Participant: 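I'd like to ask some things about the structure below.
Because the structure is predicted, anything quoted here is derived from the model rather than measured. Sequential numbering from 1 along the given sequence is applied to the chain's residues. Every heavy atom of this structure was used, including side-chain atoms; hydrogens, water molecules and symmetry mates were not. Counting starts at 1 for both ligands and their atoms, in listed order.
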Amino acid sequence: MLGALDMFSIGIGPSSSHTIGPMKAAATFINLLEELSMLNSTTHVEVNLFGSLALTGEGHGTMLAVINGLCGHNPKTVDPKVFVSCVEEIKQSGFIYLNNKHKIKFSYDNDLLLHKNEFLLQHSNAMRFIAFSNSGVLLQEDYFSVGGGFVVNKAQISSYADFASDADVPYPFKTATELFSLCKKNNISIATLVTRNELGRKTAKEFYEEASEIVQVMHESVIRGLNTEGVLPGGLNVRRRAPGLYKKLNIPTIASSPKEQRLLAIAYAMAVNEENAAFSRIVTAPTNGAAGTIPGVLEYYRNFSSDVSQDKLVEFILTAGAIGMLYKYGASISAAEVGCQGEIGVACSMAAGALTAVFGGTLIQIEKAAEIGMEHNLGMTCDPVEGLVQIPCIERNGVASSKAIDIAYLSLLEEEAGIISLDHVIKTMLQTGKDMSIKYKETSLGGLAVNIVNC
Ligand code: SF4
């Protein structure tokens with residue numbers, strides 16, 4: 001069964017499905033090649049990107065990610081500067097060191113093939129890696145980046161729905177009804193439930209430290225983003241706005257007003273997504289495109305609540321993670337499958353529910369907040385201009401943060417469950433995503449992506 005912290009991974013921008021996923025896939029392929037003792041016989045590697053990865057790969061850094069993966073780099077630890085510079089070196093030299101040890105010729109133009117009009121049946125984010133020796137094909141593998149940095153191979157994708165195996169935890173759940181009933185029956189919080197579910201795999205201390213690391217990296221990405229000026233890479237000439245907003249708002253007397261606090265949450269979220277767009281270190285939450293929403297709300301809670309403690313910050317992350325799991329089980333967090341409702345919609349739902357929890361909300365109020373957080377993002381399309389995770393993504397995270405905060409306050413005023421449950425809205429999100437035209441699912445073939453001319 002998934003764990004609550006699986007919804008977060010420390011990585012590099014700008015996209016979980018188009019950067020982190022492909023990087024992991026390439027690294028997995030190279031590691032497999034080495035495990036099978038084929039690495040040293042490899043003379044040539046060919047990478048094929050299909051569908052959405054080919055259509056928006058340029059803007060999402062997919063090619064950079066694949067090459068980094070072939071070099072053996074890891075999204076969590078790679079230096080953001082090396083992530084870009086190593087590809088430049090490979091382009092110039094015409095050589096690559098597979099897994100940082102086996103040197104072969106590599107042509108950026110001829111060995112990285114984009115199949116923009118071809119979608120593999122299993123998933124629209126598909127990759128095929130082929131390794132050759134002097135005598136022919138050594139190894140060929142297909143991988144699918146299924147959202148949130150998760151990667152599966154051909155065998156795994158057919159049984160992917162079964163990843164929710166519940167045999168190994170004391171409180172198995174796949175739906176909101178199951179999760180909230182378990183909490184009620186055992187008189188425990190969501191954070192306690194997901195912690196107990198981890199205890200077969202790690203100690204409570206290890207789990208707490210992992211959650212704390214996520215809290216810390218989120219906080220650092222907010223601070224870095226608020227203090228880094230300039231223009232984002234990619235050619236759209238998008239100026240970083242978060243530092244300017246922060247300067248205007250972070251005046252002690254002003255920042256004490258609820259209006260400015262809410263605007264600061266927007267600036268915090270935008271700061272993270274500007275960092276994400278600049279290939280910097282962020283936490284996938286639950287995706288990179290949506291990486292700012294949860295840190296924006298968390299930073300708001302950290303700065304403007306009276307009862308903040310490390311335990312509370314961890315409770316926030318664990319509650320958000322549990323809500324994210326419900327979408328992973330019941331719908332999707334992949335924009336290529338369900339549009340932006342699966343990214344920023346899910347992040348808004350996670351953040352609203354988590355904030356309600358740390359504000360002391362009841363289970364009914366937490367569920368209501370998570371439900372409202374998605375209900376009013378239903379149908380949201382994915383249409384990034386030029387395939388860059390910048391417009392509308394950065395501002396959309398800011399707005400989602402502010403929305404999640406209002407939803408938490410609204411939910412705290414409610415005492416009874418509403419007509420629409422969280423499970424209803426998760427099911428609706430999936431159905432809406434399935435009905436959505438492919439143009440609006442991370443292909444940059446519709447919406448804002450085709451109505452903005454880059455001058
Ligand atoms: S529009 Fe939404 S789903 Fe699409 S890339 Fe931007 S953040 Fe991700």
Participant: In the structure I gave you, are the side-chain heavy atoms of Ser334 and Val146 within less than 4.5 Å of one another anywhere?
Facilitator: no
Participant: Which is it for Asn397 and ligand 1 at heavy atoms under 4.0 Å: side chain, backbone, both or neither?
Facilitator: neither
Participant: Check the pair Phe8 / Met218 against side-chain contact (heavy atoms from CB on, under 4.5 Å), numbers first and verdict last.
Facilitator: CA-CA 10 Å; Phe8 305 102; Met218 282 185 176; 3.8 Å; yes
Participant: Nearest protein heavy atom to atom 4 (Fe) of ligand 1, by residue and atom, and its distance?
Facilitator: Cys382 SG, 2.3 Å
Participant: Any idea which atoms of ligand 1 are less than 4.0 Å away from a heavy-atom of Glu343?
Facilitator: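 Taking each heavy atom of Glu343 in turn, ligand 1 has 3 (S), 7 (S), 8 (Fe) under 4.0 Å.
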Participant: Heavy-atom distance to atom 5 (S) of ligand 1: which of Gly345, Cys393, Ser444 wins?
Facilitator: Cys393
Participant: Can you list the ligand 1 atoms lying under 4.0 Å from a non-hydrogen atom of Ala335?
Facilitator: 3 (S)
Participant: Quick one: are Glu275 and Arg281 in side-chain contact, heavy atoms under 4.5 Å?
Facilitator: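 Side chain of Glu275 against side chain of Arg281, heavy atoms only: no contact under 4.5 Å found.
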Participant: Contact between Arg396 and ligand 1, counting heavy atoms under 4.0 Å?
Facilitator: yes
Participant: Show your reasoning for whether side-chain contact (heavy atoms from CB on, under 4.5 Å) applies to Met127 and Ser145.
Facilitator: CA-CA 8 Å; Met127 295 154 271; Ser145 181; 3.9 Å; yes
Participant: Considering the heavy atoms of Ile344, write down every atom of ligand 1 situated less than 4.0 Å from one of them.
Facilitator: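 It comes down to these atoms of ligand 1: 7 (S).
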Participant: Regarding Tyr327 and Ser349, do their side chains bring together a donor and an acceptor under 3.5 Å, going by distance alone?
Facilitator: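 Side-chain D/A pair, Tyr327 to Ser349: present.
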Participant: Check whether any N, O or S atom of Cys340 sits under 2.8 Å from atom 2 (Fe) of ligand 1.
Facilitator: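 Within the cut-off used here (under 2.8 Å), Cys340 does place an N, O or S atom near atom 2 (Fe) of ligand 1.
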Participant: Check for me whether the distance between the ring centres of Phe180 and Phe173 falls short of 6.0 Å.
Facilitator: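 Between Phe180 and Phe173, the centre distance exceeds or equals 6.0 Å.
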